[in-house]
Amino acid sequence: MKKTAFISAAAAAVMAFGATAASAATLDDVKARGELRCVVSTGLAGFAYTDSAGVYQGFDADFCRATAAAVLGDASKVKFVPATGKTRFTILNSGEGDVLWRNTTWTFVRDVDVKLTFVGVNYYDGQGFMVPKSLGVKSAKDLDGATVCIQTGTTTELNLADFFRTNKIKYEPVPIETNDESRTNYLAGRCDVYTTDASGLAATRSTFPNPKDHVILPEIISKEPLGPAVRQGDDAWGDTIRWVLNATLAAEELGITQANVAELAKGTNNPEINRMLGTEGDLGAMLGLQKDWVVKVISAVGNYSEIFERHIGPSTPIALERGLNALWTQGGLQYTPPFR
Amino acid sequence: MSEVAQHYPPGQHPDMPPPAGQRGVLLWLRTNLFSSWINTLMTIVAVYLLYKIVPPLLDWAVLDAVMNAANRDECRQLGSGACWAFINDRFSILVYGFYPAAERWRVDMSFILLCLALVPVLFDHVPFRKPGLIFSCVYPLIAGWLLLGGFGLQPVGTDEFGGMMLNTVVGVTGIAFSLPLGILLALGRQSHLPIVKSCSVCFIEFIRGVPLITLLFVASTMLNYFLPPGTTFDLLLRVLIMVTLFSSGYIAEVVRGGLQAIPKGQYEAADSMGLKYWQSMRLIVLPQALKISIPGIVNTFIGLFKDTTLVLIIGLLDVLGIGKSSLADAQWNGLSNEIYVSIALFFFIFCFGMSRYSIYLEKKLDKGYKR
Ligand SMILES: N[C@@H](CCC(=O)N[C@@H](CS)C(=O)NCC(=O)O)C(=O)O
C-alpha cells in the first residue's frame with residue numbers, strides 16, 4: 001500500500017513539475033533566453049521558407065520577427081522551429097516552442113481540448129480544392145470517386161470527410177505528412193485532387209512548373225481562421241502576442257509604415273499614434289515591454305498590409321487578394337480593438 | 001603456316017593463339033551477352049532501355065543544364081535541362097545549415113580531420129599508425145571543440161547546425177558510439193549473470209520494438225515533462241543519445257548472431273587455456289564473431305546514416321529539411337528534381353563508401369579461411 005502511495009505521489013510531483021514547466025511565465029523565459037522560439041511550417045511558399053542565406057522568410061516568419069522585435073527589441077533574435085501539421089501542438093505544449101505562427105486554424109477543439117489559446121487571426125482562409133485542368137472538373141461536387149491528397153493532423157482532413165459525407169459522394173484519401181510531399185504526390189498524379197487552405201493551394205500552385213495547368217475550384221468548404229496560438233494558462237504571454245498582431249493592423253489603419261515610423265515616433269498630434277509608439281502613456285510597460293515596442297515591430301517588418309504585400313500579395317507569385325483580410329474599413333474582417 | 005607442319009616432342013608444343021571468335025572482345029561478347037537466346041533477348045532489351053534512358057538523362061543533367069542563373073525563370077530561358085543554379089544558390093545552406101558564415105571553416109576543418117582520424121582506424125598498413133590511433137581517440141574532443149566553439153573560438157549553438165553537416169554529425173556520432181555499446185549489449189545478452197542478461201534483453205527488445213521516429217519524438221517533447229523546470233538539455237544531444245541507443249540495439253543483435261556462430265569449442269578452448277572472461281572475449285571470441293558480423297554491422301550503419309533524415313520531424317533541419325523548405329521559395333519554383341537528385345547523390349556517396357569498405361574488410365580478413 002505504502003509503496004503505491006509513494007509511487008503515485010512521485011508521479012503527481014512529476015506531473016506538477018511538468019505543468020509548471022509548461023505554464024511558467026513565457027515572457028520572462030524568452031527574455032532570459034534572449035531568443036524567441038517560433039514554430040512555423042516546414043515549408044509553404046509565401047508563408048515560411050528558407051532563402052539562399054538560410055534565413056526564414058514569409059508571412060508567418062515575419063510575424064515571428066515582429067514578436068521578437070516587440071519582446072526582445074531585435075527582430076533577428078528568433079529561432080525558427082519547423083513543425084508538421086501533426087507535431088506542431090506537441091512542440092508548443094512541451095515548451096520546445098514559445099508561440100505558433102503556422103497557418104493554424106482556430107477551432108473549438110484546439111482552443112479547449114488541446115489546451116491552446118488562440119489570440120487572433122492573421123489570415124482568414126477557407127478550404128479549397130485544386131485539380132489538373134485536364135480533368136475537366138468544374139465543381140467539387142463532380143469529384144465522386146476521386147483520390148484526394150490531404151495532410152494528416154490538419155482540419156483539412158476532417159472538413160473533407162464532412163463535405164463528402166453531406167454531399168453523399170465517395171473519395172479515396174491519401175494522407176500525407178508535409179506540404180512538400182503532397183505537392184510531389186499531386187504532381188506525380190498519385191492523387192486527382194489536392195485540398196488544403198485556399199492560401200496554401202495558391203502558394204503551392206505558384207511553385208508548380210506549369211501553374212496554369214491547374215485550377216482551384218470555386219467551392220470553399222470551410223472557415224479557416226489562421227492565427228497565432230500559445231499554451232493555455234499564460235494569459236500575459238497571450239496578451240503580448242495578441243497585441244503584436246493588433247499593432248500591425250492598427251498601424252495599417254493609422255497609416256504608420258516602415259518608412260515613416262521613425263518620423264512619427266518623434267511625436268504627432270494623433271493621440272492614438274502617440275500611445276502606440278510610446279510618446280504618450282506607457283502601454284508597453286503594461287505588457288512588460290519597452291516603451292517603443294511598436295516602433296521596433298513596425299520598423300522591423302512594417303504594418304499588416306506591408307507584410308501581406310511583401311510575401312503573398314498580388315505582386316508576388318502567390319498573388320492572393322486581400323479579400324476577407326482587408327481592414328474592416330475596406331470591407332474586410334481585419335479589425336483591431338483600440339490602443340487605449 | 002610452316003609452324004603447323006612442324007613436329008614437336010610431346011609437351012613441347014608452343015602455346016598457340018585461340019582461333020578467331022574464341023578470343024578477345026568477340027569471346028567476351030559471346031559468353032556474357034549472347035550465350036543463349038534468352039540472354040540475347042535480354043541484351044537487346046537492356047540496350048534499348050539504355051538508349052531510351054541515358055541520352056535524355058544526359059541532356060537533362062549535363063548538356064541542357066544551367067549552372068548560373070538568378071532565379072527559375074532565368075534558368076528556363078537559358079536551358080531546358082536541370083537548373084543546377086538552384087543548387088548553386090543553396091549549396092552553402094545545404095552543406096552547413098545555419099552555421100555562421102564566418103565560422104564555416106571550422107566545419108571544413110573538422111571534416112578533414114575526421115577523414116584523417118578515420119585512416120588509422122580503417123586501414124592497418126599506414127605510416128604512423130600508432131600515433132594516428134591516439135589522434136583518432138582524441139578526435140571527438142577536437143571536433144566538439146571546433147564545432148561548438150569556446151576556448152578561444154566563437155561559440156556556436158547546436159541549433160545552428162543543419163544540412164549535410166547535421167546528418168554527418170548525427171551519423172558519425174551514432175556509428176562511433178553504438179558499435180562499442182552494441183558489442184557490450186550482445187555480450188550482456190549471452191552473459192550467465194541473470195541481472196546483466198535480463199537488463200540487456202529488455203533494453204534490446206524495447207529498442208527493437210519501437211520505431212526510431214517515436215524515440216526521437218519522445219526525446220524532443222516528452223522529456224521536457226519529466227525534467228525539472230528550467231533544465232535545458234540540448235536537443236541535438238538528446239537526438240545523438242537516442243540515435244546511438246537505437247542503433248546499438250540493432251548492432252547487439254547482429255553481433256549476437258556472430259557470437260552464436262562461433263563453435264562452442266572455441267569458448268571451451270579459451271577456458272581451458274585459463275583465460276579470464278574478458279581475455280577470452282577479446283583475444284578469441286570477438287575477433288572471430290565480429291568478422292562474421294561485418295556485413296550486418298555495416299548494413300545497420302548504412303541504415304542509421306539514412307535515418308538521420310528523420311530529425312526533420314522534431315524540428316531539426318537536416319539536408320532534406322533544408323531542401324524542403326528551400327523548395328517553398330517562390331524564386332525557385334518547383335525545382336524538386338534538382339534538390340532531391342543532389343541529396344540522393346550525397347547519401348549515395350557516403351553509403352556506397354561504407355559498403356565498399358565493408359567488402360574490402362571482408363576480403364582482407366577472409367584470407368586464411370577462404371573455402
Ligand atoms: N489550417 C489547417 C491546415 C494547415 C496546414 O497544415 N497547411 C499545410 C498546407 S497549406 C501546410 O502549411 N503545410 C506545411 C508543412 O507541411 O509544414 C490546420 O490548421 O489544420
Side-chain angles (χ1 to χ4, degrees), chain A residues 14-15 17-22 24 29 33 35 37 39-58 79-84 86-87 90-97 177-181 183-184 187 203-204 206-211 311-312 316-318, chain B residues 70-73 76 85-86 88-101 157 159-160 162-163 213 216-218 220-232 235 312-317 320-337 339-340:
Chain A
V14 169
M15 296 302 270
F17 259 140
T20 47
D29 289 352
R33 200 187 307 127
E35 183 181 66
R37 293 197 285 213
V39 184
V40 292
S41 77
T42 60
L44 180 61
F47 287 85
Y49 61 88
T50 46
D51 69 7
S52 42
V55 181
Y56 266 93
Q57 300 294 354
K79 184 195 166 199
F80 291 95
V81 183
T84 66
K86 247 183 347 209
T87 58
T90 329
I91 288 183
L92 185 65
N93 271 331
S94 68
E96 282 298 309
E177 182 83 21
T178 67
N179 190 48
D180 176 56
E181 285 160 36
R183 180 186 168 281
T184 320
L187 280 180
T204 310
S206 76
T207 69
F208 285 177
N210 300 308
H311 296 295
I312 53 181
T316 65
I318 323 264
Chain B
N71 53 41
R72 187 192 101 106
D73 293 340
R76 283 290 163 267
F86 181 31
N88 238 342
D89 186 56
R90 296 301 152 117
F91 190 72
S92 58
I93 68 160
L94 284 171
V95 175
Y96 302 102
F98 308 109
Y99 211 83
D159 50 340
E160 285 168 285
I213 198 123
L216 288 177
F217 210 58
V218 166
S220 86
T221 58
M222 302 324 233
L223 229 53
N224 274 20
Y225 288 108
F226 299 112
L227 293 172
T231 40
T232 49
L235 182 60
L312 174 63
I313 293 294
I314 57 167
L316 291 177
L317 283 188
L320 199 60
I322 295 218
K324 282 184 175 174
S325 68
S326 296
L327 280 176
D329 187 346
Q331 284 272 309
W332 295 102
N333 294 349
L335 296 172
S336 37
N337 290 347
I339 282 277
Y340 288 132

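Excluded from the calculations below are hydrogen atoms, water molecules and symmetry mates; all remaining heavy atoms, backbone and side chain alike, are included. In what follows, chains carry the letters A, B, and so on, assigned in the order in which the sequence lines appear, proteins first and then strands, with residues in each chain numbered from 1.
- When heavy atoms are compared at a cutoff of 4.5 Å, R183(A) approaches chain B solely by way of its side chain, counted from C-beta outward.
- In this structure, the side chains of E35(A) and D159(B) come closer than 4.5 Å at one or more pairs of heavy atoms.
- Using a 4.5 Å heavy-atom threshold, the side chains of F80(A) and L317(B) count as separate.
- Your options are A45(A), S206(A), S52(A), P209(A), and the one with the most heavy-atom pairs under 4.5 Å with chain B is S52(A).
- Counting heavy-atom pairs closer than 4.5 Å to chain B, the top residue among G43(A), P317(A), A48(A), G54(A) is G54(A).
- Neither the backbone nor the side chain of S41(A) comes within less than 4.5 Å of any heavy atom in chain B.
- Minimum heavy-atom separation, T50(A) to D329(B): O-OD2, 4.1 Å.
- Here the CH2 atom belonging to W332(B) is positioned 12.0 Å from the CG atom belonging to D51(A), to the nearest 0.5 angstrom.
- Residue F217(B) touches chain A through its side chain alone, counting heavy-atom pairs closer than 4.5 Å.
- How far OG1 of T207(A) is from CZ of R72(B): 9.5 Å, rounded to the nearest 0.5 Å.
- At a 4.5 Å heavy-atom cutoff, the contact between Y340(B) and chain A is made by side-chain atoms alone.
- For the pair D180(A) and L327(B), the tightest heavy-atom approach, listed with the atom from each and the gap, is OD1-CD1, 3.5 Å.
- Side chains of E96(A) and I314(B) form no contact here, defined as non-hydrogen atoms less than 4.5 Å apart.
- When heavy atoms are compared at a cutoff of 4.5 Å, Y56(A) approaches chain B solely by way of its side chain, counted from C-beta outward.
- Nearest heavy-atom pair, E177(A) versus I313(B), reported as atom, atom and distance to 0.1 Å: OE2-CD1, 4.1 Å.
- L44(A) CG to S325(B) OG: the interatomic distance, rounded to the nearest 0.5 Å, is 11.5 Å.
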